[in-house]
Number of protein chains: 2
Amino acid sequence: MSAKHAAPVSLSTILEKFRDKFPVSPEKWQEYTGQFQRIQVPAKTILLKEGEISRKAYLIEKGCLRVWFDNKGEEVTFQFFFENCTVSSIESFKKGTPSLFSLETIEPCTLWWIDKNDVDRLLEEVSEIPSMRNQIMNTLFERTLHYMQHFLSFVRDTPQERYENLLNHHPYLIQRVPQHYIASYLGISRVHLSRIKNKLARGK
Amino acid sequence: MSAKHAAPVSLSTILEKFRDKFPVSPEKWQEYTGQFQRIQVPAKTILLKEGEISRKAYLIEKGCLRVWFDNKGEEVTFQFFFENCTVSSIESFKKGTPSLFSLETIEPCTLWWIDKNDVDRLLEEVSEIPSMRNQIMNTLFERTLHYMQHFLSFVRDTPQERYENLLNHHPYLIQRVPQHYIASYLGISRVHLSRIKNKLARGK
DNA sequence: GTCAAACGATAACATTTGTTACCGAATTGA
DNA sequence: TCAATTCGGTAACAAATGTTATCGTTTGAC
């Protein structure tokens, strides 16, 4: 594809990191990586709309995305994704059901996408390799834990504590993402997030 | 073991349901099921304490359990489990890390437990079978989705809506579980749950 | 450069939810 | 059976959070 020729260096830079985790032949590796296509999109591009069925998974070379849903007319941001992450509306992509979420760019983005058919075939093939299927299971498991932890923070922490955690663990997120997205991500109103910031600014 | 002889019918009744999902020889099946041991415990028995490392997974024949953690001195219930469910402090059991949760019976329970070593060996063996590893992946995936959905309900719904969902989808839970456990499970105080019930009782 | 839209801060007020305290019923254990 | 504990309801008040409105700044499109 022309996209592949447009920036072969970028693709290999990104996928290179995963090369040693794929104990497959160079030919297979070529085949797999060749299934990705590069696109560049402006900010606020909707890659997948709530209710549609996801056919693509994305790898983020540059930029950031958010996953959100419509709750009684207001947008609630559910998750953020940054460079080197793979993103899809996971439940829609896996099961072919209408997506519960929209997938939208926050900044201008450079993305690599791969079609579901290719992913399915790839997974089928590599899960014959014991070390690969352990990796896949671990990845799935870690994602489960991530949701569990995230949920836990909602049950355990106050909004202010959640914001402070974000500050400590993901300061880049605060820098790059508009505040009203962060507010809904934390489960509070924009106004209340302002109050919390104000409170923290003055000596706590 | 004597436990196995104590109630062979119960074990087969419970595991029988899974027999057709295990395309293994009768000998293997015998080996696997023989690794379970039956115990009976009173209500309020702590099967695993927060901070300990989980070595056992449980299958519930009769009764119900809750998973909870200590949050600044108060107990927060995170999940409930009923008959025919398998339970463990999943992250501790899988990774050998100190458990984030305690595991406690709510009612007098009849349980079957299996040691982690046996589970590991079992998983190792059966994941050679393609249909089995698909099942395992699906189970893991479904659990991820479950956490996602549960989390979603916290972000999207009001406490009253969450209670109504519980009423509609898991009415038996409301019947069997003490109300103050349910309150913390819903993320609200006991008093507030009382208010909600009162409000619903009078014509909404 | 200009205008409109997006973004964030703040204030005033309303609503939700938590806290504490008290009561009575149900359950449990000796 | 009795006393102690657990459990759930309610009221009064406090704290947290939402809602609406206003304002100034920044950003982006043309």
Side-chain angles (χ1 to χ4, degrees), chain A residues 40-46 63-64 66 68 71-77 80 104-109 153-167 173-202 204, chain B residues 41-46 63-64 66 68 71-77 80 104-109 153-164 166-167 173-202 204:
Chain A
Q40 305 213 28
V41 295
K44 301 206 178 195
T45 303
I46 296 198
C64 76
R66 68 186 184 115
W68 63 272
N71 185 28
K72 299 158 192 161
E74 95 177 309
E75 296 184 5
V76 177
T77 298
F80 298 106
E104 182 180 340
T105 59
I106 293 176
E107 305 169 351
C109 286
S153 84
F154 259 73
V155 177
R156 184 187 52 208
D157 304 330
T158 65
Q160 177 168 335
E161 288 168 334
R162 288 202 292 282
Y163 179 70
E164 291 179 296
N165 287 339
L166 216 55
L167 266 180
L173 195 153
I174 311 271
Q175 308 301 326
R176 290 172 66 174
V177 174
Q179 185 167 314
H180 59 287
Y181 293 160
I182 296 179
S184 78
Y185 175 73
L186 294 175
I188 58 178
S189 69
R190 288 172 270 160
V191 177
H192 195 57
L193 179 52
S194 255
R195 275 195 285 247
I196 288 173
K197 287 180 70 173
N198 184 301
K199 189 169 163 192
L200 289 176
R202 303 175 285 107
K204 215 157 198 189
Chain B
V41 295
K44 303 207 178 194
T45 302
I46 296 196
C64 75
R66 69 185 183 115
W68 62 273
N71 186 29
K72 299 159 191 162
E74 95 175 311
E75 296 184 5
V76 177
T77 296
F80 298 106
E104 183 180 339
T105 58
I106 294 176
E107 305 170 349
C109 287
S153 84
F154 259 73
V155 176
R156 186 187 50 209
D157 304 331
T158 64
Q160 177 168 337
E161 287 168 335
R162 287 202 292 282
Y163 180 70
E164 290 179 297
L166 216 55
L167 265 180
L173 194 154
I174 311 271
Q175 308 302 326
R176 292 173 64 173
V177 174
Q179 186 166 313
H180 59 288
Y181 294 159
I182 296 179
S184 78
Y185 175 74
L186 293 175
I188 58 179
S189 68
R190 288 172 270 159
V191 176
H192 195 55
L193 179 52
S194 254
R195 275 195 286 248
I196 288 172
K197 287 181 68 173
N198 184 301
K199 189 169 164 193
L200 290 176
R202 302 176 285 108
K204 215 163 199 186

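All values derive from a computational prediction rather than experimental measurement. Order of the sequence lines sets the chain letters (A, B, ...), proteins ahead of strands, with each chain counted from 1. Just so it is clear, the values below take in all heavy atoms, side chains as well, and ignore hydrogens, waters and symmetry mates.
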Within the 4.0 Å limit for protein heavy atoms, which parts of nucleotides 24-30 of chain D are touched? Write it as a string from 5' to 3', B for base, S for sugar-phosphate only, - for none. -------
What string of B, S and - do you get for nucleotides 14-20 of chain C 5' to 3' if you count protein non-hydrogen atoms under 4.0 Å? ---BBBB
Among residues at least two apart in sequence or on other chains, which ones pass salt bridge (Lys or Arg N to Asp or Glu O under 4.0 Å) with B/Lys44? none
Which atom of A/Leu193 lies closest to which atom of A/Tyr163, heavy atoms considered: CD1-CD1, 3.6 Å
In short, B/Val177 meets B/Ile182 closest at the heavy-atom pair O-CD1, 3.6 Å
Any donor-acceptor pair under 3.5 Å linking the side chain of A/Thr45 with the backbone of A/Thr105? no
The criterion is side-chain hydrogen bond (donor to acceptor under 3.5 Å, both in side chains); which residues satisfy it with [X], sequence neighbours excluded?
X        : value
B/Arg176 : B/Glu83, B/Glu107
A/Gln40  : none
B/Arg195 : B/His192
B/Asn198 : B/Arg202

Heavy-atom distance under 4.5 Å between the side chains of B/Glu164 and B/Asp157, does that happen here? no
Would you mind reading off the distance between A/Gln175 atom CD and C/dG8 atom P, rounded to a whole angstrom? 12 Å
Separation of D/dG18 P from A/Leu186 CG (nearest whole Å): 11 Å
Interatomic spacing from [atom1] in [X] to [atom2] in [Y] - rounded to 0.5 Å:
X        : Y        : atom1 : atom2 : answer
B/Glu75  : B/Glu104 : CD    : CD    : 6.5 Å
A/Gln179 : A/Leu186 : CD    : CG    : 10.0 Å
A/Leu167 : A/Arg162 : CG    : CZ    : 14.0 Å
B/Ile196 : B/Glu161 : CD1   : CD    : 10.0 Å

Estimated bend of the helix from C/dG1-D/dC30 to C/dA30-D/dT1 (axis per five terminal pairs, rounded to 10 degrees): 60°
Applying salt bridge (charged side-chain N to carboxylate O under 4.0 Å, His left out), which residue pairs with at least one partner in residues 177-194 of chain A are found, sequence neighbours left out? none
Would you tell me if any nitrogen or oxygen in the side chain of B/Asn198 comes within less than 4.0 Å of OP1 or OP2 on D/dT10? yes
Nucleotide N/O of nucleotides 6-8 of chain D paired with protein N/O under 3.5 Å:
residue	atom	partner	partner atom	Å
D/dC7	OP2	B/His180	NE2	3.2
D/dG8	OP1	B/Gln179	N	2.6
D/dG8	OP2	B/Gln179	N	3.0
D/dG8	OP2	B/His180	N	3.2
D/dG8	OP2	B/His180	ND1	3.0

Considering residues at least two apart in sequence or located in another chain, which fulfil the ring pair (Phe, Tyr, Trp, His ring centres under 6.0 Å) criterion with B/Phe80? B/Tyr185
Under 3.5 Å, N/O pairs linking protein and nucleotides 24-30 of chain C:
none

